[in-house]
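Fair warning: this is a prediction, and the values are worked out from it, not measured in the lab. Only this structure's heavy atoms are used, side chains among them; waters, hydrogens and symmetry mates stay out. Order of the sequence lines fixes the chain letters, A, B, ..., with proteins taken first and strands second; residue numbering starts at 1 for each chain.
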Amino acid sequence: MTDAPFPLIVGGDRGPQQAGARPDEDLLAGLNPQQREAVTYRGQALLIVAGAGSGKTSVLTRRIASLLRGREAWPSQILAITFTNKAAGEMRERVEQLVGEAARGMWISTFHSACVRILRREAEQFGFTKAFTIYDSGDSRALIKRLVKEHEADAYGLTPAATQSRISKLKNELSDAESYARSANMSDPAERVFVELFAAYQRELQRANAFDFDDLIGQTVFLFRAFPHVADVYRRRFRHILVDEYQDTNHAQYALIHELTRPIGSDAGPIASSGGMMIFDADPTDDPDKAGASLTVVGDSDQSIYAFRGADIRNISEFERDYPGAKVVLLEQNYRSTQNILSAANAVISNNFDRKDKKLWTDVGAGEQIVGFTGYSQHDEAQFVADEVEVLRKAGIDYAQMAVFYRTNSQSRALEEIFIRSAVPYKIMGGTKFYERAEIKDALAYLVAVSNPADEMAMRRIINRPRRGIGDVTIEAISRYAQEEQITFRDALANSSALSVGPKIQAAIAHLDAVLAEASALMLPASGELAPPTAVAEGLQLLLNKSGYYDALRASKDAQDEARIENLDELVAVAREFARNNPEGTVIDFLAEVALVSDADDLEDASGSVSLMTLHTAKGLEYDAVFVTGVEEDLIPHRISAGEPGGPQEERRLFYVGITRARKRLYVSLAMTRAQFGEVTVAMPSRFLQEIPAELLTWRQSPGDVNSRGGTQSRALNARRGSGSGYGGSGKRYGDDLVPLAKREPSGNLERFANRIPAKVRDNGDMQLAPGDRIRHDDFGEGRVDAVTGEGAKRVAHVRFDKVGPKKLLIKIAPIEKL
DNA sequence: TCCAACTCATTTTTT
DNA sequence: ATGAGTTGGA
């Protein structure tokens, strides 16, 4: 298409091929017959129904490699779509391993990234510029919030959150305000206001030269439909389209794929052929040169967990209807988990009635029992997880091979607290996003202000950050002036003297204008000239310095502001890193990457730590040992799901996804009480627990144990006593460093136990410990320091306690004293 | 315009 | 419990 011509030779630098042998023989090595079929089948449409752990990534990457090696496709003719950037990165890496350099020209990306690339090229076709901004959900919420206020829509029960989610749902169905209005009941004033909001929101986006996440897909579809000749460019280019996690595509994504796989020229009208002559084609499907791209989709309806955001399971269940003559390949053999884990997963998922029966199986044997545990509180539960992690570690499983899953992000807090205390290295995947921090958003808004001056939201965000004495009154004055003069908010700043504001504020505005202009000159050189790779990082620093942003933070006495400076430094480092990876990347590219890449995506970082994440984030990953925590009613299934059609079933699939991530060991745990909104509520075991066949599950401490024997006593008094009833009969499983809890919490009661984690963490300051020192620990008694590792606040003492054996303690906060 | 004290809602999942 | 948002006084 518009970029470099296709290379003439594919993978020219790969080793010589053996004559006679299938060029892809090595690609088929070790595959079962179904997998082979999935790699080698050639046709218009292929659906690979891939159960969890059935080697689908392997199949997909080999299929791509085989297309390339057989010279059936140039790399640039391949478009592979994944759901996350992480998955895209992994796939690229694995294809690279198979075909080397040839992997370069391929598009392996998420739906959103692919659409950004297309929109960048075509934005001018329909009233946007190349420099468009991408609004993440926070940005669009902020915009909607302003509009809700302006339209006084809360009077009609239209909160920003509700409005945002409705608009998003509609966009995923490819509706716009107009088409929605046609079907809506417009005699309802609330509906009228909503339509008005929707239209206003869209107008504002256009005016700001911005797309929200949903628009990236939806507007690309719109573009293809409105400009068939543009669509044809991409149809001609992408001859092989592969889509992973097809069960999680929504209607807009489905439509996008559909548009891309249509026959070339199928929208009629004149089309410029590659030879430059005009072609009118009535029925292009007969012409093999015009055939639509071949489509491969991979999915598993049992792992559909995004219906809540518009994923339509029918996209996969009706694939054969959509693509007549499609080939379907089933992959049921599982190469990941033990049979016990798979049997549990099969049993659970079989409770979903409207599914095609599918049973995962393996030939690696039964494996370990699944372990269950019931804690008194979420902290108790977390302690169990932390202890067990250490046991597994001693048994030779690397931290990086263990993961803890939970339903909601808020559950991570208790786990974190205990992990810190127990000195278990962990990494939270996803969670509170780096890029959602206020200071990061501010910094990015500065960059947006430079790269996309039409984006008034960004301007409004930074205009008084740091404080310049510019409040609502002044902002409105600027806005009015801009409107009168028919210029952008950004350009209005250049004429601060024309605004009727005080001299001090005038000066502040003029200064901001000058800083933005300077950064602009640095990052966006005028005439086609390329900015140096360092421009983004330098421009960012310039903005932060000269705007006074850094100074304001440094002058502050708020301790948090110190951390903010560090975060900004890290953002600058990210910009440098970006320049290294994308020497020609502009500030616009940088912003797009930042908007689309969540920090859950930097996968390699998890080395050496236990991974903590939500069940949703866990999809597509696998670990030797998996802890599914908080398996309680109202959590999984989540209470909100009860009201939604298909909700409980989706929750079950989510649980299923969690279970099937485990290779060797699976733990399910819950707590009897859980603190929520600062209140302690009693939790009930999840219905899904009963769906796991009893013979597969060993309770270390069952919900019954906790209820009938627990009373007001804590686990400390009656559990882990080794031979106690209902307790698997062995304290040994906890390893030699098992802490006899009776000693640890002599006067423990439930209240104390539940709140064992003090609100304020104690601080030993910089207590110096050296090997040989003797210490006393509040819970563990006396012991001797073997070694000290780590630095600063993270120094860890390895202590051999007289009574309870070796333990690792975080020196800064452990309840210890030097003797 | 800024800041402190106060109220209130938040907790489903993500590009 | 916590954070965001609002209100009223300086």
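Distances shown here put every side-chain N or O of Thr617(A) at or beyond 4.0 Å from the OP1 or OP2 atom of dT13(B). Within the 4.0 Å cut-off from OP1 or OP2 of dT1(B), not a single side-chain nitrogen or oxygen of Lys504(A) is found. Side-chain N/O atoms of Asn409(A) include one lying less than 4.0 angstrom from OP1 or OP2 on dT13(B). Residue Thr474(A) places at least one side-chain N or O under 4.0 Å from the OP1 or OP2 atom of dT1(B). Note on Asn464(A): a side-chain N or O is less than 4.0 Å away from OP1 or OP2 of dC2(B). For Arg309(A), no side-chain nitrogen or oxygen approaches OP1 or OP2 of dT12(B) to under 4.0 Å.
Residue Ser137(A) is classed as a base contact, given a heavy-atom separation below 4.0 Å to a base. Within the nucleic acid shown, Arg413(A) comes within 4.0 Å of sugar-phosphate atoms alone, with no base atom in reach, counting heavy atoms only.
A donor-acceptor contact under 3.5 Å links the side chain of His112(A) to the base of dT15(B). Between the base of dT13(B) and the side chain of Arg407(A) there is a donor-acceptor pair shorter than 3.5 Å.
For the pair Glu632(A) and Arg407(A), the salt-bridge criterion is not met [side-chain N within less than 4.0 Å of a carboxylate O].
Two residues are said to be in side-chain contact when any heavy atoms from C-beta on lie closer than 4.5 Å; Phe111(A) and Ile257(A) meet this criterion.
Here the separation of dT6(C) from dT11(B), taken at their C1' atoms, is 22 Å to the nearest Å.
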